[in-house]
Amino acid sequence: MSDTNYDYDVLVIGSGPGGYVAAIRAAQLGLKTACAESRETLGGTCLNVGCIPSKAMLHASEFFDAATNGTMKEMGIDVTPKLNLDQMHAQRRDAVDGLTGGIEFLFKKNKVDWKKGHATFEDAHTVKVGDDTVSAKNVIIATGSSVTPLPNVEVDNEKQIVVDSTGALELAKVPKKMVVIGGGVIGLELGSVWRRLGSEVIVVEFLDKLLPGMDDDVRKEAAKIFKKQGMELRLSTKVTGVAVKGKKATLTLEPSAGGEEETLDADCVLVSIGRRPNTEGLGLENIGLETNKQGQIEIDHDFRTKVEGVWAIGDVVPGPMLAHKAEDEGIACAENVAGQTGIVNHDLIPGVVYTWPEFAGVGLTTEEAIEKMGGDKAKVKIGKFPMMANSRAKTNHEPEGFVKIIAEAETDRVLGVWAIASVAGTMISQATQAMEFGATSEDIAYTCHAHPTHSEAIKEAAMAVQGKPIHI
Ligand code: FAD
Ligand code: NAI
């Protein structure tokens, strides 16, 4: 199958969840494959400084929080917790080492060659990787994304005063007062970690609600929940600058719509205002490939760029910047390179915020569904069920949240599912699968769900679409 004019059938640039999965899939399909990675370890943002280390800190801090906020006491466990932050960081690093090492093992097992170094295109089939030059019939760009900088704000992860998400995972001390710039996914997840460990956390968000992109009901509830947990929310406010003096930072804020400036002091500032695609130094100009206004590489339905033999996937292309989206694109792209038919349903990419409780959703928001129906609210049916009425959540002392199912009134087909629950991230997979199979709310309502589980709230929300839930 290999074309002997090239060193490889496929060279993947980047070993994040998009790249490493594409490389393994390509090798499984019999293609001679290499993967270029400039980091010391494989796994990209996700395994090294993203999904995995943040979940390690979220999971560990959740236990600490349960011990300090009275939840354990309520369940008959009297403890006086003492934080060992060094050990918490050590178990995070262990998780990262184990998983990044696992990718190295999988590369060896599948005979994927790891080319160490920064990759730059010389032409569409020739890529310089460090001191090496590699030729490949197909090149898949999976270079991912990096933190979006904020004008007038200098991030210095070493000093641990103004940090990005990578720095916020590594703080050696619990800051007394942390200001989070951006009430999106990173701000709320990492803000939650440090609040649970003892920081006073203030979230400054440009928009009037947290979590852009989620259903409005979920966004409003999120504000109530985080406030109740003790976070201070400064919505409709933008940060215009941060000055560091000694060990303190002073932020300058003003209302998003303009108005009087004010200042805010902090021991630590987390900049989390989004991420941007990695294309700098990739040599795209050498192959005549331009990025769009958002800095992304445009692709067609099959992940082809406009340059023959060059493909792109993951955070560097349009769409949500999520690891599972990158992984699915990696598999589908490799299948297309191998001449098979690889497809990703971009309408059904679930999103999860791994706070307490978790916030999750898939498909359309209520607002999007109504817009899709020409603005006619009557064409959309909604069923909602509170977690308070779910026996398992109630028993577990997890009363917050709800499940909301949005269906098309005429056909009953489910258009979107939203959930706030301790295990919403796990629950959302069943909704995604049901929607993938074109389920109606009735299909979900008449599917037997094990009792007692949080997932029964999905069944009840589906029954509520018909106006007939049992437990409310
Ligand atoms: P990346 O994972 O960014 O990998 C790209 C790799 O390419 C990097 O290792 C980079 O070093 C390498 N590279 C770049 N340019 C070159 C070059 N020219 N030559 C060689 N190598 C190069 N998503 C979720 O779905 N769930 C989560 O819980 C989650 N949590 C997150 C938490 C944080 C703190 C952050 C920052 C992100 C999180 N994400 C999460 C997002 C997720 O990490 C990304 O969507 C995902 O990693 C994108 O995968 P990718 O393969 O496109 O790119
Ligand atoms: P985000 O896009 O989720 O949120 C950024 C927030 O910052 C927005 O609400 C925006 O309005 C606000 N903002 C922008 N400029 C501002 C300013 N000057 N002052 C105040 N607020 C401002 O971006 P975030 O949290 O940095 O995450 C980046 C990406 O990483 C996300 O796209 C997400 O997909 C991914 N990620 C996913 C996770 C998950 O799936 N659980 C976890 C962490 C990250």
Which distance, rounded to the nearest 0.5 Å, do you find between the [atom1] of [X] and the [atom2] of [Y]?
X      : Y      : atom1 : atom2 : answer
Cys268 : Lys176 : SG    : NZ    : 14.0 Å
Ile161 : Lys248 : CD1   : NZ    : 10.0 Å
Glu280 : Thr291 : CD    : OG1   : 10.5 Å
Ile103 : Lys109 : CD1   : NZ    : 12.0 Å

Which heavy atom of [X] sits nearest to which heavy atom of [Y], and what is that distance?
X      : Y      : result
Ile140 : Ala22  : CD1-CB, 4.2 Å
Phe121 : Gly283 : CB-O, 3.6 Å
Leu85  : Leu171 : CD2-O, 3.7 Å

For this session: Not counting sequence neighbours, which residues clear side-chain hydrogen bond (donor to acceptor under 3.5 Å, both in side chains) with His346? List them please.
Result: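 Applying side-chain hydrogen bond (donor to acceptor under 3.5 Å, both in side chains) to His346 gives Glu329.
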Crowding at [atom1], [X] (>12 non-hydrogen neighbours, <6.0 Å):
X      : atom1 : answer
Gln294 : CD    : yes
Glu261 : CD    : yes
Glu158 : CD    : no
His59  : NE2   : no
Asp131 : CG    : no
Gln91  : CD    : yes

Ion pair present between [X] and [Y], side-chain N to carboxylate O less than 4.0 angstrom?
X      : Y      : result
Lys247 : Asp267 : no
Glu335 : Arg25  : yes
Asp217 : Lys404 : yes
Arg195 : Asp65  : yes
Arg219 : Glu367 : no

Between [X] and [Y], is any side-chain donor less than 3.5 angstrom from a side-chain acceptor?
X      : Y      : value
Glu170 : Asn157 : no
Ser145 : Asn278 : no
Asn48  : Thr41  : yes

Exercise. Can you tell me if Thr252 uses its side chain to pair, donor with acceptor, with the backbone of Thr263 under 3.5 Å?
Worked result: no
Exercise. Within the side chain of Arg92, is there an N or O that forms a donor-acceptor pair under 3.5 Å with the backbone of Leu169?
Worked result: yes
For this session: Please lay out, stage by stage, how Trp356 and Arg196 fare under the test side-chain contact (heavy atoms from CB on, under 4.5 Å).
Result: CA-CA 10 Å; Trp356 183 271; Arg196 291 168 188 171; 3.5 Å; yes
For this session: Might you work through the salt bridge (Lys or Arg N to Asp or Glu O under 4.0 Å) test for Lys137 and Glu308, ending with a clear yes or no?
Result: CA-CA 10 Å; Lys137 188 169 181 189; Glu308 177 66 28; over 6 Å; no
Problem set entry | Lys32 NZ/CZ over Tyr8 ring centroid, <6.0 Å and within 45° of normal | yes
Problem set entry | Among Asp156, Leu251, Val153, the one residue meeting side-chain contact (heavy atoms from CB on, under 4.5 Å) with Val162 | Val153
